[in-house]
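Just below is one structure, and these are the notes that go with it.
Atoms within a ligand are numbered from 1 in the order they appear, just like the ligands themselves. Counting begins at 1 with the first residue of the sequence.
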Amino acid sequence: MTASVQREALSGVHPHERAAFPRHVAIIMDGNGRWAKERGLPRTEGHRQGVETLRRIVRHAAKLGISCLTLYSFSSENWTRPEAEVSFLMGLLQRFVRRDLAELVKANIKVRVIGSREGLSPSIASLLDEAEAATRGNSGMELVVAFNYGARDELTRAMRKIAADVAAGRLDPAKIDESVIASRLDTADLPDPDLIIRTSGEQRLSNFLLWQAAYAEFFFPRFNWPDFDEKAFDEALSVFAARDRRYGGLSQKADA
Ligand code: IPE
Ligand code: IPE
Ligand code: MG
């Protein structure tokens with residue numbers, strides 16, 4: 001981030017009141033395997049390093065005043081990986097929660113987990129519940145962990161809820177609008193992501209926030225996730241600040 005953007009970000013105006021500052025940043029943390037391969041290490045080492053990056057970025061985003069940070073940690077399609085890698089990733093999540101929950105509580109960060117709880121082991125599911133419960137009263141940055149998350153799965157579950165409400169006579173089909181749909185998604189009550197960052201140079205969504213990303217800005221740094229750092233995050237914020245978001249309308253920028 002340039003010095004001026006940083007100054008602005010940290011100045012008296014609450015960052016959320018300024019359009020140039022994203023309220024909600026979502027990150028597709030990709031490239032752990034490639035990072036490890038480049039160094040002749042096992043893929044698991046890339047995942048381990050990836051958690052270190054995650055911890056740094058969570059702290060940094062909270063410090064900057066980002067109100068919501070979503071991290072794509074495990075997709076509903078990642079189950080197709082070799083069993084040893086999947087169980088390593090499950091173990092890593094458990095270690096992260098055990099090791100960092102106290103610090104998250106202290107930092108006033110509120111944890112929310114999106115994705116399906118189905119298919120998760122009871123011990124992981126209860127650990128996720130514990131992280132949410134322990135931070136429920138916090139009022140600072142919302143840390144949304146997308147775990148066992150796939151947007152098509154999320155939309156499918158939302159449609160089932162809507163269908164059940166209609167079948168039970170609680171919902172009139174004519175009243176189904178965008179807000180009804182949004183309220184049945186895992187992200188209910190969260191703002192849509194303003195900025196989606198995907199590391200590793202890959203430029204695709206891979207089933208991430210398909211509904212919510214309708215007007216998101218994208219940033220694709222070439223770094224693999226373990227090499228992503230505070231400076232790269234700041235750069236994403238300055239690129240975002242220079243974007244002209246039109247939402248199908250006309251530019252609101254004075255110089256456009
Ligand atoms: C992202 O890194 C972490 C997860 C998907 C869990 P990858 O494991 O996808 O790393 P690459 O893309 O194979 O390099
Ligand atoms: C997306 O990365 C999921 C996460 C980062 C958790 P993938 O590595 O699974 O995506 P593809 O397979 O390259 O599309
Ligand atoms: Mg990948």
Side-chain angles (χ1 to χ4, degrees), residues 24-58 61 68-97 99-100 111-121 124-125 127-128 131 143-157 185-187 190 193 195-213 216-229 232-233 236:
H24 183 173
V25 178
I27 307 183
I28 304 173
M29 308 181 288
D30 196 21
N32 292 349
R34 276 163 283 175
W35 181 91
K37 193 168 175 219
E38 279 167 10
R39 288 160 180 77
L41 299 167
R43 293 178 56 84
T44 47
E45 203 43 48
H47 295 314
R48 207 195 305 276
Q49 275 304 314
V51 173
E52 296 312 313
T53 303
L54 180 158
R55 303 173 78 225
R56 287 171 61 176
I57 294 301
V58 167
C68 183
L69 178 71
T70 297
L71 300 173
Y72 201 7
S73 316
F74 191 86
S75 80
S76 45
E77 286 74 36
N78 286 148
W79 295 105
T80 59
R81 296 186 179 199
E83 203 194 314
E85 180 168 345
V86 169
S87 55
F88 185 85
L89 289 166
M90 296 293 148
L92 212 52
L93 174 81
Q94 286 174 295
R95 283 199 296 281
F96 169 71
V97 175
R99 177 171 150 203
D100 285 46
V111 177
R112 171 150 162 188
V113 183
I114 60 169
S116 175
R117 295 287 165 98
E118 233 163 89
L120 296 181
S121 75
I124 291 192
L127 205 60
L128 297 178
L143 175 62
V144 182
V145 180
F147 193 82
N148 193 21
Y149 175 87
R152 287 184 171 180
D153 172 67
E154 176 192 37
L155 283 160
T156 305
R157 287 185 284 105
L185 296 174
D186 297 349
T187 51
L190 292 176
L195 170 64
I196 296 181
I197 300 170
R198 180 172 188 150
T199 56
S200 87
E202 230 65 83
Q203 303 193 0
R204 56 175 169 261
L205 276 174
S206 300
N207 205 11
F208 189 49
L209 303 178
L210 297 183
W211 169 278
Q212 299 86 340
E217 296 293 329
F218 289 88
F219 184 66
F220 299 109
R222 309 246 4 130
F223 302 108
N224 287 317
W225 176 248
D227 284 333
F228 190 78
D229 60 8
F233 189 87

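Here the closest non-hydrogen pair linking Ala36 and Pro42 is CB-O, 3.2 Å. Summarising the geometry of Asn148 relative to Ser116, their closest heavy-atom pair is ND2-O, 2.8 Å, with the distance given to 0.1 Å. Taking all atoms of both residues into account, the shortest heavy-atom contact from Phe208 to Ala151 is C-CB, 4.1 Å.
Atom 10 (O) of ligand 2 has its nearest heavy-atom neighbour, among Met29, Arg198, Arg81, in Arg198. When Glu85, Arg34, Arg43, His47 are checked for heavy-atom proximity to atom 12 (O) of ligand 1, Arg34 turns out nearest.
Atom CG of Asp153 is separated from atom CD of Glu118 by 8.5 Å, given to the nearest 0.5 angstrom. For the atom pair CG of Asn207 and CD of Glu77, the computed distance is 4.5 Å after rounding to the nearest 0.5 Å. Atom OG of Ser73 and atom CD1 of Ile114 lie 9.0 Å apart (nearest 0.5 Å). One finds the OG1 atom of Thr44 at 10.5 Å from the CG atom of Asn32 (value rounded to the nearest 0.5 Å).
Counting protein heavy atoms only, atom 14 (O) of ligand 2 is closest to Ser206 OG, 2.6 Å. With respect to atom 2 (O) of ligand 1, the closest heavy atom belonging to the protein is Asn32 N, 3.2 Å. When hydrogens are left out, the protein atom nearest atom 6 (C) of ligand 1 is Ser73 O, 3.5 Å; that is the closest non-hydrogen contact.
Aromatic ring pairs are classed by plane angle as parallel below 30°, tilted from 30° to 60° and perpendicular above 60°; the pair Phe223 and Phe228 is perpendicular.
Shown are Glu83, Arg48, Arg43; of these, the side chain to side chain contact (heavy atoms under 4.5 Å, CB included) with Phe88 is made only by Arg48.
Taking only nitrogen or oxygen atoms, main chain and side chain alike, Arg204 reaches within less than 3.5 Å of ligand 2. Among the atoms of Leu89, none of the N or O lies under 3.5 angstrom from an N or O of ligand 1. Taking only nitrogen or oxygen atoms, main chain and side chain alike, Glu202 does not reach within less than 3.5 Å of ligand 2.
For the 3.5 Å distance criterion, the side chains of Asn78 and Ser75 qualify, holding a donor opposite an acceptor.
Contact annotation for Lys37 and ligand 1: no heavy atom of the residue comes within less than 4.0 Å of the ligand. Residue contacts with ligand 2, taken as heavy atom pairs separated by less than 4.0 Å, do not involve Phe208 at all. Using a 4.0 Å cut-off between heavy atoms, Asn78 contacts ligand 1 through its side chain alone, with no backbone atom that close.
Comment: Arg34 engages Glu202 in a salt bridge, judged by a side-chain N to carboxylate O separation of less than 4.0 angstrom.
The atoms of ligand 2 that sit less than 4.0 Å from any heavy atom of Phe74 are 6 (C). Heavy-atom contacts of Asp30 reach the following atoms of ligand 2: 2 (O), 8 (O) (cutoff under 4.0 Å).
Under 2.8 Å from the Mg ion (ligand 3), one finds the following protein N/O/S atoms: Asp30 OD1.
Ligand 1 has Gly31 within reach: a non-hydrogen atom of the residue lies less than 4.0 Å from it.
At a threshold of 4.5 Å between non-hydrogen side-chain atoms, the residues Val145 and Phe74 do not count as touching.
In this structure, the salt bridge (charged side-chain N to carboxylate O under 4.0 Å, His left out) partners of Glu52, at least two apart in sequence or on a different chain, are Arg55, Arg99.
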